[in-house]
Amino acid sequence: MATTTPISGTSGDSSRRRGPFRRGTVVLVVVLVGVLVLVWQWRSPRAFHGEGDVIGMYSQVGTTAVLDMGNPRRDLDPSDVTIHAVEPQLISGKATVDVLVCHLGPESPGLGAGRGRDLARFCTDREPAEGARMTRDDQLLLRVRSDAPGRVVVRGIEVTYSHGWRRGTQLTGQTARVEFGTETLREHVAD
């Protein structure tokens, strides 16, 4: 008569060993997902609004057109954003294009679009955007100047910045269309 004896380590033992392994794997996956979410949050802050509509204006050749490209979001805490680099997204035309930070006065509604001389009425202080510290009450302004007739189109600005311990790059602002011509503004509007 033959008797069978179960060999140790068969089905009963292996299922007990797989339980802790599975729980450890699940915990490891959850921790990795959490770390990835934190890294994504760190690398993807949204300090500015997304791309906006189209803003346009006419400006005489040789003058400087100034257009609003936005400000930091109102819900930021802390409210300071440090700008490290800005790159206007020039699509067409030939012009000198740069970005300023306008520190608004307490009663200033901000500038939508204007000419270079209008800045003093709206900004208590202005500085080049790169290296500037902004609060949610400050504005990014696009300055466009052309010495030849034609249309200049800028599709927002790419801003690299830090906000608290986070750092990011984001495309923000409106698409700006500036028509440079030889007529004065008054002559252009009368046509």
Side-chain angles (χ1 to χ4, degrees), residues 44-76 81-105 107-163 167-191:
S44 305
R46 302 291 295 167
F48 294 91
H49 300 282
E51 295 177 73
D53 293 331
V54 176
I55 186 171
M57 69 183 293
Y58 175 83
S59 198
Q60 193 172 7
V61 169
T63 62
T64 302
V66 182
L67 302 111
D68 173 26
M69 287 288 119
N71 52 348
R73 290 188 0 234
R74 288 269 191 231
D75 61 346
L76 291 180
V81 175
T82 302
I83 306 297
H84 300 287
V86 292
E87 186 176 327
Q89 304 298 299
L90 184 64
I91 293 176
S92 66
K94 293 184 180 184
T96 303
V97 181
D98 64 343
V99 181
L100 297 174
V101 169
C102 170
H103 301 286
L104 298 172
E107 300 298 317
S108 178
L111 176 71
R115 309 277 173 313
R117 66 181 177 275
D118 293 339
L119 290 179
R121 290 190 355 217
F122 294 95
C123 306
T124 58
D125 189 26
R126 56 196 171 276
E127 62 183 309
E130 290 189 19
R133 288 190 72 129
M134 295 181 70
T135 68
R136 55 186 155 237
D137 296 322
D138 296 331
Q139 253 183 315
L140 285 170
L141 298 177
L142 182 71
R143 256 189 338 192
V144 183
R145 180 182 175 86
S146 180
D147 292 326
R151 175 177 281 178
V152 176
V153 180
V154 180
R155 186 177 166 242
I157 54 176
E158 187 176 85
V159 183
T160 300
Y161 59 90
S162 56
H163 172 244
R167 186 177 173 102
T169 298
Q170 178 179 348
L171 188 61
T172 189
Q174 308 175 77
T175 296
R177 292 183 182 160
V178 183
E179 184 72 37
F180 286 96
T182 55
E183 302 174 314
T184 66
L185 180 59
R186 189 171 305 227
E187 292 167 338
H188 179 72
V189 171
D191 285 345

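Note: hydrogens, waters and symmetry copies are ignored here, and every other heavy atom, side chains too, is used.
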Within this structure, what is the OG-CZ distance for the pair S92 and R151, rounded to the nearest 0.5 Å? 8.0 Å
Pair L140-I157, side-chain contact (heavy atoms from CB on, under 4.5 Å): steps then yes or no: CA-CA 9 Å; L140 285 170; I157 54 176; 3.8 Å; yes
Mind running side-chain contact (heavy atoms from CB on, under 4.5 Å) on L67 and V178 for me, showing each step along the way? CA-CA 9 Å; L67 302 111; V178 183; 3.7 Å; yes
Using 0.5 Å steps for rounding, measure from the CD atom of Q89 to the OG1 atom of T175. 10.5 Å
Got R155 and Q174 here, is their nearest side-chain heavy-atom distance under 4.5 Å? no
Measure the OG1-CZ distance between T64 and R143 for me, rounded to the nearest 0.5 Å. 6.5 Å
Between atom CD1 of I83 and atom NE2 of H163, what is the distance when rounded to the nearest 0.5 Å? 11.0 Å
Tightest non-hydrogen contact, residues V86 and A129, listed as CG1-CB, 3.9 Å
Checking the side chain of N71 only, and the main-chain atoms of R136 only, is there a donor and an acceptor separated by less than 3.5 Å? yes
Pair V152-L90, side-chain contact (heavy atoms from CB on, under 4.5 Å): steps then yes or no: CA-CA 8 Å; V152 176; L90 184 64; 3.7 Å; yes
Is it the case that the side chain of E87 and the backbone of A85 share a donor-acceptor pair, with hydrogens and angles ignored and the cut-off at 3.5 Å? no
Donor-acceptor under 3.5 Å (S146 side chain, K94 main chain): yes
Could you give the distance from CG (L100) to CG (L141), rounded to the nearest 0.5 Å? 6.0 Å
Is the shortest side-chain heavy-atom distance between V97 and L142 below 4.5 Å? yes
Of all the heavy-atom pairs spanning R133 and D138, show the shortest one and how long it is. O-OD2, 4.0 Å
Are the side chain of T160 and the backbone of H84 linked by a donor-acceptor contact shorter than 3.5 Å? no
Can you find a pair of side-chain heavy atoms, one from P88 and one from V99, that are under 4.5 Å apart? yes
Closest contact, heavy atoms only, G156 versus L171: C-CD1, 4.3 Å
Shortest non-hydrogen pair, A113 vs M57, comes out as CB-SD, 4.1 Å
Apply side-chain contact (heavy atoms from CB on, under 4.5 Å) to the pair Q170 and V159, showing each step before the final yes or no. CA-CA 5 Å; Q170 178 179 348; V159 183; 5.6 Å; no
Report yes or no: does R145 contribute a side-chain atom to a donor-acceptor pair with the main-chain N or O of G62 at less than 3.5 Å? yes
Could you please spell out the steps behind the ring-ring contact (aromatic ring centres under 6.0 Å, His included) verdict for Y161 and F48? CA-CA 10 Å; Y161 59 90; F48 294 91; 5.3 Å; yes
Return the minimal non-hydrogen interatomic distance between L104 and F122, and the atom names on each side. CD2-O, 3.6 Å
Under 4.5 Å between any side-chain heavy atoms of S59 and R115, yes or no? yes
Got a second to check how far R126's CZ is from L111's CG, nearest 0.5 Å? 10.5 Å
Cut-off 3.5 Å, side chains only: do Q139 and D68 have a donor facing an acceptor? yes
With heavy-atom distances below 4.5 Å as the criterion, would you say the side chains of T135 and P72 are in contact? no
